[in-house]
Amino acid sequence: MGKQAKITVHPSFKIGNIAPRLFSTFLEPIGTMVNGTMYNPKHPTANGLGFRTDFIDGLKNTGMPAIRLPGGNFVSGWNWKDSIGPKDQRKVHLDPAWYQYITNKVGHDEYLQWAECVGTEPMYTLNLGTGTMQDAMDAVEYTNHKGGTWWSDLRRKNGHEKPYGVKTWYLGNEMDGPWQLGSWEKDPRGYGVRANEVSKIIKWIDPSIETAVCGSSAPFMEHFPEWDETVLEQCYESVDYLSVHHYHSAPPGDLKALLGGSLYYEDFINTEVALCDLIASKCRSPHKVMISFDEYGAMIRPNAELNPGYGPHNLYRVHYRFNPEREYILHDPDNMKHFRFPGGDMIQALSMASIQLAFLRHADRVKIGCMTGGLGALCASDHDHVWKSASYYVFTQLIRYARGTSMQVAVESDTYDIPGYAIDDTSQYPTKEGVPYIDAACAWSEDGSSLNLFIINRSEEDEYSICIDTSGFEGCSFVEHIELNSDDPEAKNSFEAPDTIVPKTVSGSSNAAVSQSEDPGKLNVTVKPLSWNLVRFSTKKTD
Ligand code: AHR
């Protein structure tokens, strides 16, 4: 007999509204993401702009709400003005952040037009590293002003009559990172003042926009959280979001640490929310700054020595640009190499999903979430083809069913501990006790007609029989249980074998995996080891 667990959800215990952009993605021109996957004029499906329509169509069907683009370290040295107008006159530049040539074949307009093709909302990152306040002002005028000024008329001349109407503007990328071009690591006050001024000016140009200021690029930065606090003190009233990033790392073979990563994310979110609220109190302000978690991921990387002092001295080591052997690369869209996450599709899907469930549990304050590699999760690709990986199913179920109100989920299950470990100087994990094997979050639709419960079984060995108690909901009845798992954790979907991992519907009380309990309002569901599960109920509509 498998292990037992219990989940209780009650209509009185609401967390907050789920923002439509919580399950979005992030795009930057590194590897083959832009040159090869998004843009390849020689691809048989390329459209007039050189974009691969197989990739566009794959993404269109997912309902991806928004994308932060372009973003990443490259943006802090990028002059958007060199990337507009006739392609043959655009300037080619070196990008010292990633040791690559930026050809600007995909420039400011193309990023935004690509988002139009996909039917998703672009969220734009301004260069606050080497870029000036004037560049930021001009970018907003070019992008969002209707016409009749130099910059807005130039946009019209460049083929886009209508303003793009970009709503969300990021005030730089990871401005605390010593690896960032034009880093503000040593001067959080200076950055906060600059962010405040830029935010004010661009909102004067377009009062409909909102802005996000950078917080720390990881909870393990030595200056966290003081850096963030100082920044917020300078600009609290003029910004709408605090932009934070984190990449969770676990050593090879340690799935417990990989899948328990969401607990470190929750600590990070709690501290950032507390900081925002501290500054609100200091300013006697009714304004609530929300969290934009606009880069996140989970990966497997080898261990290093545990450094009790979180020493910053080797921080530079983690960025390969300091390797003197490194040469500048030209990413040729026609000759792309395919990068994939090490480990099977199912492991990748679960490690990302666990972070996404953490965001859902903090939906009252985390309003934007952009998955790094999210485009590949929604539409896996190689040089020629596209297909669906396991992540596609998880991510699209969240986009579709994690809507309305996030509900508190009381989970009673066995737990495990993650002993402290170190990956490098910026990734030093304290011991985490009491990680539940069953990870869950829940959404109740706005009209009150459907309740969707998302469950991950983090155990590699044990099946869990979960008693789900929804007895507090009027007229609650079971609709379906969709499970995703793979007997082989190393298995991957591919173009040739796209159905290696696909969801299965487990429904009806005739199936042993789901049975109505003798108690009304309770359902027993069995979840397999290392599985993702969506359990759906209908509830009586609220008026
Ligand atoms: O996605 C890789 C990099 O991670 C991004 O360029 C940067 O913002 C972060 O450090």
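Not measured: the values here are computed from a predicted model. Starting from 1, each residue takes its place in the sequence as its number. For ligands, and for the atoms within them, numbers begin at 1 and follow the listed sequence.
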Practice task
For Asn173, take its heavy atoms, then give the atoms of ligand 1 lying under 4.0 Å from any of them.
Solution key: 8 (O)

Handout entry: N/O separation below 3.5 Å, Thr372 to ligand 1
Key = no

Handout entry: Heavy-atom proximity to atom 9 (C) of ligand 1, best of Gln180, Glu174, His245
Key = Glu174

Exercise for the section: For the pair Thr125 (side chain) and Gly172 (backbone), establish whether a donor and an acceptor sit closer than 3.5 Å, ignoring hydrogens and angles. Expected result: no

Exercise for the section: Determine, using ring centers only, whether Phe454 and Tyr401 are less than 6.0 Å apart. Expected result: no

Exercise for the section: Determine, for Tyr39 and Lys105, whether the Lys NZ or Arg CZ falls below 6.0 Å from the six-membered ring centre while staying within 45 degrees of the axis. Expected result: no

Problem - Proximity flag Tyr247 to ligand 1, non-hydrogen atoms under 4.0 Å - result: yes

Practice task
Check ligand 1 against Trp98 and write out every atom of the ligand that is under 4.0 Å from a heavy-atom position of the residue.
Solution key: 2 (C), 3 (C), 5 (C), 6 (O)

Problem - Distance flag, aromatic centroids of Trp80 and Tyr142, threshold under 6.0 Å - result: yes

Problem - Stepwise side-chain hydrogen bond (donor to acceptor under 3.5 Å, both in side chains) test for Arg365 and Asn270 - result: CA-CA 9 Å; Arg365 295 306 288 270; Asn270 286 333; over 6 Å; no

